[in-house]
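Remarks on the structure that follows.
In the text below, chain A, chain B and the rest are named by the order of the sequence lines, each starting its count at 1. None of these values were measured; they are calculated from a predicted model.
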Number of protein chains: 2
Amino acid sequence: MTEKIKILLAEDETALGTIIKESLETRGFDVLFCTNGEQALNTYRAEKPELLVLDVMMPKKDGFTLVKEIRAENDKIPVIFLTSKSRTEDVVEGFGLGGNDYLKKPFSMEELIVRIHALLDRKRKRESSEEVSIGKYRFNLSKQKLGLGEKEQTLTHREAQLLFHLSENRNAVTDRSLILTQLWGNDDFFNARSMDVFITKLRKKLSEDETVEILNVRGYGYKLVC
Amino acid sequence: MTEKIKILLAEDETALGTIIKESLETRGFDVLFCTNGEQALNTYRAEKPELLVLDVMMPKKDGFTLVKEIRAENDKIPVIFLTSKSRTEDVVEGFGLGGNDYLKKPFSMEELIVRIHALLDRKRKRESSEEVSIGKYRFNLSKQKLGLGEKEQTLTHREAQLLFHLSENRNAVTDRSLILTQLWGNDDFFNARSMDVFITKLRKKLSEDETVEILNVRGYGYKLVC
DNA sequence: GATCTGTTTTATGGAATACAAACAAACTTA
DNA sequence: TAAGTTTGTTTGTATTCCATAAAACAGATC
């Protein structure tokens, strides 16, 4: 299985869209290509891409409206708008905020790729500096680090992912099968046993602060209290 | 002695091709002249030219397909496309092409030479300014240098390429098979082992800043954390 | 209390990965 | 051209990670 970075591309001119798609694929991205706004929204929900490249003017649903709806579900996702000349610039400029960027058509593929990397970089930096407190522990998901005072231990990928899910719902029950489908892909018997093992491992690694506990809620899941 | 700059020229009309070849040679370039896409790919692999001048429409393999394959091996090489009138202009214009340029036939030799120099210039600039920070280290891809404070070590080509890929995705997982196909050409078992060895080498060379680490994500790839 | 069902923990084995060292090929230098 | 060097591949063994198995445990139900 490949873990390429997913980019959602919505562009109604198929000729241009195909060229963009192929160029991005050459650079190692996994491109989800849609030709209208509605399709794009569905694809977004199904695939959860890391970045959006959207034509502003599209049939069914324009780029701005689309972003408003997606931002309601994920307010940090970076977006690059593609705007035709005909579109008045000030509208776009006003929108050129936050995690967004825009490119006036015609643009060079190099420009687009530079901007994609710039936005992904910013996103990475933001994510990699995000440090969560769990009791006395400091937890960094993307660095897979769990620190306490001076000491720091490195978690495995699975451990880190699992702890992240638990910490997102701290002091509330995290559903067993939800974690299983999200991390393991499905919630069959064996994966559930496997997850038990990881719970044990995490408990051990979190054992130095006894205010931090992973409680079981029989039949439902686990609760990280701290 | 300074070597001549190699330019790969692929053009199926031999009359035109010969004229271009000779003009470029007059300007001091070393021109590798091919008359179809397949031959061009082989010549590329054997000679590693610095720049490509390609007819879009060619027998055996057209220019776009050819570039896609070459870009998989070297994603920065500049390309100048030669397009016949018959080719729809808008596709090309919309493309605008990254690190690329295009010339509509008929064109003057002057134009071609100006563009060649422009692209080579850009390439030089990009390469010399390519210095990335990795923790306390400074890394320059095209110079293959890894510096820390006063010290500086030279990386081998493979080491540098690999580190570059990792650093492009820092703090996120870089897919194993993606690296393998991009650097080694395919992701079979043996190349994977070879890559392991390079990961070990890089870890050693990066070991002086312990905030920099290459983590493994079992079954997926590696993550450069810093 | 006996039994059932779901949870916790420790143990085990296989696959993926780590690393050192031997090797081969390409390139330098004398 | 031969000897040394550098680079990348191959090989062999050690280690890590995770899935699965097995066994001990705890609540619930009868």
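- Residue B:Tyr220 contributes atom OH, which lies 16 Å from atom P of D:dC17 at whole-angstrom precision.
- If you take CZ of B:Phe198 and C1' of D:dT10, they are 12 Å apart, rounded to a whole angstrom.
- We find that CD of B:Gln144 is positioned 11 Å from C1' of D:dT7, with the value rounded to whole Å.
- B:Asn216 comes within 4.0 angstrom of sugar-phosphate atoms only, judged by non-hydrogen atoms across all strands, and of no base.
- Residues A:Val217 and A:Lys204 each lie close to DNA chain C; by heavy-atom proximity, the contact nearer the 5' end of the strand is made by A:Val217.
- Nucleic acid contact for B:Lys201: base, since at least one base atom lies under 4.0 Å from a heavy atom of the residue.
- Side-chain polar atoms of B:Asn36 and B:Asp12 form no donor-acceptor pair below 3.5 angstrom.
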Would you please test A:Lys145 and B:Glu213 for salt bridge (Lys or Arg N to Asp or Glu O under 4.0 Å) and show each step? CA-CA 11 Å; A:Lys145 297 290 185 191; B:Glu213 273 180 296; 2.4 Å; yes
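- Using a 4.5 Å cut-off on side-chain heavy atoms (C-beta onward), A:Glu50 and A:Lys6 make no contact.
- Using a 4.0 Å heavy-atom criterion, one finds that A:Thr156 contacts the sugar-phosphate atoms exclusively.
- Salt-bridge check for B:Lys21 with B:Glu13: failed, with every basic side-chain N at 4.0 Å or more from each acidic carboxylate O.
- With rounding to whole Å, A:Gln161 atom CD is found 11 Å from D:dC18 atom P.
- One interatomic measurement links the two molecules: CD of B:Glu159 to P of D:dT9, which rounds to 11 Å at whole-angstrom precision.
- Protein chain A touches strand DNA chain C; the 5'-most and 3'-most nucleotides with an atom under 4.0 angstrom of its non-hydrogen atoms are C:dT5 to C:dT10.
- Both B:Arg218 and A:Asn191 sit near DNA chain D, but only B:Arg218 has its closest nucleotide nearer the 5' end.
- In this structure, NZ in A:Lys143 is found 12.0 Å from CG in A:Leu141, a value given to the nearest 0.5 Å.
- Between A:Lys205 atom NZ and D:dC18 atom C1' the separation is 13 Å, expressed in whole Å.
- Between the side chain of B:Arg193 and the base of D:dG8, no donor-acceptor pair of N or O atoms lies under 3.5 Å.
- A sub-4.0 Å separation between OP1 or OP2 of D:dA19 and a side-chain N or O of A:Trp184 is present.
- In this entry the distance linking NE2 of B:His157 with P of D:dT9 reads 12 Å, nearest Å.
- Nucleic acid contact for B:Phe189: none, since no nucleic acid atom lies under 4.0 Å from a heavy atom of the residue.
- Taking atom CG on A:Leu155 and atom C1' on D:dT16, their separation rounds to 15 Å, with Å as the unit.
- In this model, the phosphate group of D:dA19 is approached by a side-chain N or O of A:Arg158 to a distance below 4.0 Å at OP1 or OP2.
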Which atom pairs, one a donor and one an acceptor, fall under 3.5 Å between side chains of residues 216-226 of chain A and the rest of the protein, sequence neighbours left out?
residue	atom	partner	partner atom	Å
A:Asn216	OD1	A:Arg218	N	3.2
A:Asn216	ND2	A:Gly221	O	3.4
A:Tyr222	OH	A:Asp196	OD1	3.3

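- Of the N and O atoms on the side chains of B:Gln161 and B:His157, at least one donor lies less than 3.5 Å from an acceptor on the other residue.
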